[in-house]
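Right, one structure below, let's go through it.
Chain identifiers are assigned alphabetically (A, B, ...) following the order of the sequence lines, protein sequences preceding nucleic acid strands; residue numbering begins at 1 within each chain.
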Amino acid sequence: MHKLYISNLSEHVGEVVSVKGWLYNKRSSGKIKFIILRDGTGYLQCVYFKGNVTPEIFELADSIGQESAIEVTGTVKAEPRSPGGYELDATGLTILHETHDYPITPKEHGVEFLMDKRHLWLRSSRQVAIMKIRHRIIKAVRDFFDDRGFTLLDSPILTPSACEGTSTLFSTDYFDLGKAYLTQSGQLYAEAGALALGKVYTFGPTFRAEKSKTRRHLTEFWMVEPEVAFADLDDDMDLAEEFLEYIVQSVMKDRAEELKVLERDLTPLQKVVRPFPRISYDEAVNILHAEGVEFEWGNDFGAADETIISGKYDRPVMVHRYPSEVKAFYMKRDPENPKVALAVDVLAPEGYGEIIGGSQREDDLDLLIGRIKAHELPMEDFEWYLDLRRYGSVPHAGFGLGIERTVAWICGLEHVRETIPFARMIYRKTP
RNA sequence: UCCGCGAUAGCUCAAUGGUGGAGCAUUCGGCUGUUAACCGAAGGGUUGCAGGUUCGAGUCCUGCUCGCGGAGCCA
């Protein structure tokens, strides 16, 4: 079946065509009516002149409400006055489903109202643009790793224990085996995969029951986590910067129209090219002190701190060697300074904060056992993980990229709730 | 969890303690090139919930519910 979509009408100028879609907006001026049709691929202005159509159709064009499903028939022509450059000199109109009182009018609305109507809000041009960019980012993620010999490794969603801390887990009953927890990260499983396949990445939803109520937090978010055997922290940072450059350049190349709909300033995105600045945690602390910020060595950076640090650079900045106390148990300590871990956070520009967290992993069995005890984690749940250090342990490293924060940054959005079709947040689980 | 702000028509918002309004949406009328079109008219309200102060509360006070912004925590 050959179907016609608005996005390729430019190949049909002069032809009589029929297009199915939804009524996005309409305007009328006595003997001429304009209907804006959307079909998911674009927007098409359909013009009804009173003299060109039957009185019934002319009347029909006036009566249908916003978001009615319709099929329009007419001649395609190039028209500079029309949004999109083409319009339909319409002669026919068929109503497929008539709609009245569509709640989201082409005017301003509040956040609560729009989130309650998220299933309908997705139809707006802005949300369509965001979803298309999100899709392009995810495609870039997969292309990047696939083209470099990585194997996709799907990690489990239901897991026996935490990776970070037990206070932030969603739990569910699991038959006779007690509780199961929704995964916070696929990383431990990615490590097993890296020692099997050399280079792997996991990609899927992750869950955090933190009561975080900020523009950068969801309880359910998507994360991609590469893991590479025989790699150290420097290799990890090389991979991260090449990865981010590839994603941003891919979106700018293929989604220019959508970025324009979002009125995204492209200047900062054009600067996202290698090499990215690499500074140590100590240097980052010095930056804060030079700015007059009271900051104690050993703490993690807050959102305001990250903005100050990243504001010193015009591209993503990689901050490495954090105090090991504030980082996860599996991160390897720096042999030259055991107080710091071989970890890296990548801070996005323009105040978007941390989008990547990564590290070289602890590959020594005894040190790892000591760390699990120090964090008071249940040793029995990690026996399988310790096996990775018993049998052919090698230096390895990886990182996690948060998809929603990346989408928010590239799209220039205020809040991550718009970056995912149906956001899950501390005070919202519907629709 | 803590701090701050808010809740009035379908939506976005006004209203000095003294008869609750506007724009958009809807319905009707007008307009042959509109760009969130425009012009005219009409309908549309238990002012989040429960108490209290007052001659009188949308407005002041107390509690609750819901939401927004931020913090902590994190990607």
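Here A:Tyr281 pairs with A:Trp297, A:Phe301, A:Tyr322 under the ring-ring contact (aromatic ring centres under 6.0 Å, His included) rule; sequence neighbours left out. Residues satisfying the side chain to side chain donor-acceptor pair (under 3.5 Å) test with A:Thr214, not counting sequence neighbours, are A:His217.
Residue order along RNA chain B, read from the 5' end via each residue's closest nucleotide, puts A:Ser82 first among A:Ser82 and A:Asp345. Nucleotides of RNA chain B nearest to A:Gly357 and A:Ile32 differ in position, and the one nearer the 5' end is that of A:Ile32.
Nucleotides B:A9 and B:C28 have their P atoms positioned 25 Å apart, rounded to a whole Å. For the P atom pair drawn from B:C73 and B:C13, the interatomic distance equals 33 Å after rounding to whole Å. For B:U12 and B:G29, the C1' atoms lie 27 Å apart once the distance is rounded to whole Å. Distance noted for atom P between B:U46 and B:C5: 29 Å (whole Å). For the P atoms, the distance from B:G58 to B:A15 is 15 Å, rounded to whole Å. Nucleotides B:U65 and B:U26 are separated by 38 Å at their P atoms, to the nearest Å. Using atom C1' as the reference point in both B:U19 and B:A36, the two lie 35 Å apart (nearest Å). Atom name C1', nucleotides B:G45 and B:G4: the rounded distance is 30 Å, in whole Å.
Although no hydrogens or angles enter the test, the distance criterion places no donor-acceptor pair under 3.5 Å between the side chain of A:Gln45 and the main chain of A:Gly84.
The base of B:C74 does not come close enough to the side chain of A:Ser212 for any donor and acceptor atom to sit less than 3.5 Å apart.
Picking from B:A75, B:C74, B:U34 the nucleotide with the shortest atom distance to the side chain of A:Phe221 gives B:A75. Of the candidates B:A36, B:C74, B:U32, B:A36 carries the atom nearest the A:Arg27 side chain, counting heavy atoms from C-beta on. Minimum atom distance to the side chain of A:Thr214 is reached by B:A71, of the listed B:U34, B:A71, B:A75. The side chain of A:Arg208 lies closest to B:A75 when the candidates are B:U34, B:A75, B:G72.
In this structure, a donor-acceptor pair under 3.5 Å is present between the side chains of A:Gln184 and A:Thr168. When only modelled atom types and interatomic distance are considered, A:Asp39 and A:Thr41 share a side-chain donor-acceptor pair under 3.5 Å. For the 3.5 Å distance criterion, the side chains of A:Ser359 and A:Arg361 qualify, holding a donor opposite an acceptor. A donor and an acceptor atom, one from each side chain of A:His100 and A:Glu98, are located under 3.5 Å apart. A:Tyr201 and A:Asp146 share a side-chain donor-acceptor pair at under 3.5 Å. Side-chain contact annotation: A:Ser124 with A:Gln127, donor-acceptor N/O pair under 3.5 Å absent. When only modelled atom types and interatomic distance are considered, A:Ser185 and A:Glu225 share a side-chain donor-acceptor pair under 3.5 Å. Remark: the A:Glu191 side chain and the A:His396 side chain contain an N/O donor-acceptor pair separated by less than 3.5 Å.
The separation between A:Leu401 atom CG and B:C74 atom P is 18 Å, rounded to whole Å. Rounded to an integer number of Å, the gap from A:Phe34 CZ to B:G33 P is 7 Å. Between the NZ atom of A:Lys50 and the P atom of B:U32 there is a distance of 9 Å, rounded to whole Å. One can place CZ of A:Phe301 at 18 Å from C1' of B:A71, the figure rounded to the nearest angstrom. The nearest whole Å value for the distance from the CG atom in A:Asn299 to the P atom in B:G72 is 10 Å. Distance CG (A:Asp116) to P (B:C11): 10 Å, rounded to an integer number of Å. We find that CZ of A:Phe113 is positioned 18 Å from P of B:A7, with the value rounded to whole Å. The interatomic distance linking A:Trp409 (CH2) with B:A75 (P) rounds to 17 Å, in whole Å.
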Using a 3.5 Å cut-off and no angle test, enumerate the donor-acceptor pairs between side-chain atoms of residues 421-431 of chain A and protein atoms at least two apart in sequence or in another chain.
{"unit_1": "A:Arg424", "atom_1": "NH1", "unit_2": "A:Lys429", "atom_2": "O", "d": "3.3"}
{"unit_1": "A:Arg424", "atom_1": "NH1", "unit_2": "A:Pro431", "atom_2": "O", "d": "3.2"}
{"unit_1": "A:Arg424", "atom_1": "NH2", "unit_2": "A:Lys429", "atom_2": "O", "d": "3.3"}
{"unit_1": "A:Arg424", "atom_1": "NH2", "unit_2": "A:Pro431", "atom_2": "O", "d": "3.2"}
{"unit_1": "A:Arg428", "atom_1": "NH1", "unit_2": "A:Met115", "atom_2": "O", "d": "3.4"}
{"unit_1": "A:Arg428", "atom_1": "NH1", "unit_2": "A:Asp116", "atom_2": "OD1", "d": "3.0"}
{"unit_1": "A:Arg428", "atom_1": "NH1", "unit_2": "A:Thr430", "atom_2": "O", "d": "3.0"}
{"unit_1": "A:Arg428", "atom_1": "NH2", "unit_2": "A:Asp116", "atom_2": "OD1", "d": "3.0"}

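Counting non-hydrogen atoms under 4.0 angstrom, A:Asp300 reaches the backbone sugars and phosphates but no base. Among the protein residues, A:His217 comes within range of the nucleic acid bases, having at least one heavy atom under 4.0 Å from a base atom. Across all strands, A:Glu87 comes closer than 4.0 Å to base atoms (heavy-atom distances). Looking at heavy-atom distances under 4.0 Å, A:Pro83 makes contact with a base. Here A:Gln45 lies in heavy-atom contact (under 4.0 Å) with a base. Nucleic acid contact class of A:Ile356 (heavy atoms, under 4.0 Å, all strands): sugar-phosphate only.
Checking each of A:Glu257, A:Glu350, A:Glu258 against A:Arg264 for a salt bridge (Lys or Arg N to Asp or Glu O under 4.0 Å) leaves exactly one that passes, namely A:Glu350.
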Produce the list of close N/O pairs, under 3.5 Å, pairing protein atoms with atoms of nucleotides 63-68 of chain B; give distances to one decimal.
{"unit_1": "B:G67", "atom_1": "OP1", "unit_2": "A:Tyr427", "atom_2": "O", "d": "2.9"}

Dump every N/O contact between nucleotides 22-31 of chain B and the protein below 3.5 Å, one line per pair.
{"unit_1": "B:C31", "atom_1": "N3", "unit_2": "A:Gly30", "atom_2": "N", "d": "3.2"}
{"unit_1": "B:C31", "atom_1": "N4", "unit_2": "A:Ser28", "atom_2": "OG", "d": "3.2"}
{"unit_1": "B:C31", "atom_1": "N4", "unit_2": "A:Gly30", "atom_2": "N", "d": "3.3"}

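Geometrically, A:Arg123 does not engage A:Tyr24 in a cation-pi contact defined by less than 6.0 Å to the ring centre and at most 45° from the axis.
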Would you write the dot-bracket representation of RNA chain B, where each base gets (, ), [, ], | or . depending on whether it forms a Watson-Crick or G-U pair under 3.5 Å and with which partner? (((((((..((((....[..)))).(((((.......))))).....(((((..]....))))))))))))....

